[in-house]
Amino acid sequence: MWVYEKKLQYPVRVNKCDPRMAKFLIEQYGGADGELAAALRYLNQRYTLPDRVIGIVNDIGTEELAHLEMIATMVYKLTKDATAEQMKEAGLGPHYADHDKALYFHNAAGVPFTATYFNAKGDPITDLYEDIAAEEKARATYQWLINMTDDPDLKDGLQFLREREVVHSQRFREAVEILKEERDAKRLF
Amino acid sequence: MYTYRKAYRPFVSPNDPCPPMWVKTYETPPQLYLGFQPYGMPQFPPMEALRWGTLWPALFAPYSNPYKQKRMGGYRWNGQMNGSRYTNS
Ligand SMILES: [Fe+2]
């Protein structure tokens, strides 16, 4: 169960009218290394990871949902006042034809979201290594997104999100260290 | 020396529908611990290395079915080159 706070984790401001940027940002909404995939990946792992690291995936999975809201807000702000003609010019014609301004879970190339974007192998080390890789991939995506905009306000939000990926990666690395410890083995045998 | 299998006691509820598994295990193979492999580590004789898939005893960690072990421990290399190289801790 979650308690909802009606605010964003970090303020999202968009300064420049640039609907084309929305097309690129949607990668972090419904792409393979996006926030939806991250949230579902971690929240799903809560059931079968060893008890000592469940809190980490619970907390990070929850935070990814907050990131998802931030990305959604960015995309919404960039497209909400665009005409059909502007959507077309921004390369969002195919999106507009199917969804109008509605957000949709697909990547920057328009490929719909799929559960195959992440895995749940059941081997804790394997799953945590996938989590670390996913965080690094999300960090890289934010870098490429920052490279594609010159809007300082949008960049500020993206910088925050990139920094959180750095922290998440570190926490998952610590989870691996926790699982490597001999502590439980000693106590049990 | 590290164990290549860890065990823990998961949460067990009195309301669980199936008889509980009191102890669960997961694998922590040797590559998690070695870091950059140092020069000059002990080696298997070539014919054994070919059979086991590695030249390095420090990386040799065969898997066994944890559900079929009486004691849920981990395999670890006991530092010997002959005979029983692995102790079931
Ligand atoms: Fe993350």
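Source: prediction; values computed, not measured. Letters A, B, ... are given to chains in the order of the sequence lines, protein chains preceding strands, and every chain is numbered from 1.
- For CZ of A:F160, the number of neighbouring non-hydrogen atoms (other residues, nucleotides, ligands) closer than 6.0 Å is greater than 12.
- At a threshold of 4.5 Å between side-chain heavy atoms, the hydrophobic network of Ile, Leu, Val, Met, Phe, Trp and Tyr places B:W52 and B:L50 in two separate groups.
- Both A:I132 and B:L32 sit in one connected hydrophobic cluster of ILVMFWY residues. Membership requires side-chain heavy atoms under 4.5 Å apart, directly or through other members.
- Here the options are A:D123, A:D127, A:L179, the test is side chain to side chain contact (heavy atoms under 4.5 Å, CB included), and the partner is B:Y26; only A:L179 passes.
- Contacts of A:L49 with chain B are made by backbone atoms alone, with heavy-atom separations under 4.5 Å and no side-chain atom involved.
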What's the verdict on salt bridge (Lys or Arg N to Asp or Glu O under 4.0 Å) for A:E181 and B:K6, showing C-alpha distance, side-chain angles and the deciding distance?
CA-CA 9 Å; A:E181 281 171 7; B:K6 307 282 188 290; over 6 Å; no

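- Within a 6.0 Å sphere centred on CD of B:Q37, other residues, nucleotides and ligands contribute more than 12 heavy atoms.
- In the hydrophobic cluster analysis, where Ile, Leu, Val, Met, Phe, Trp and Tyr join through side-chain heavy atoms closer than 4.5 angstrom, A:Y117 is grouped together with A:I71.
- Heavy-atom distances place both the backbone and the side chain of A:D51 under 4.5 Å from chain B.
- Both tests pass for A:K180 against the ring of B:Y33: distance under 6.0 Å to the centre and angle within 45° of the axis.
- For A:I125, the part lying near chain B is the side chain, with the backbone staying farther off; criterion is any non-hydrogen pair under 4.5 Å.
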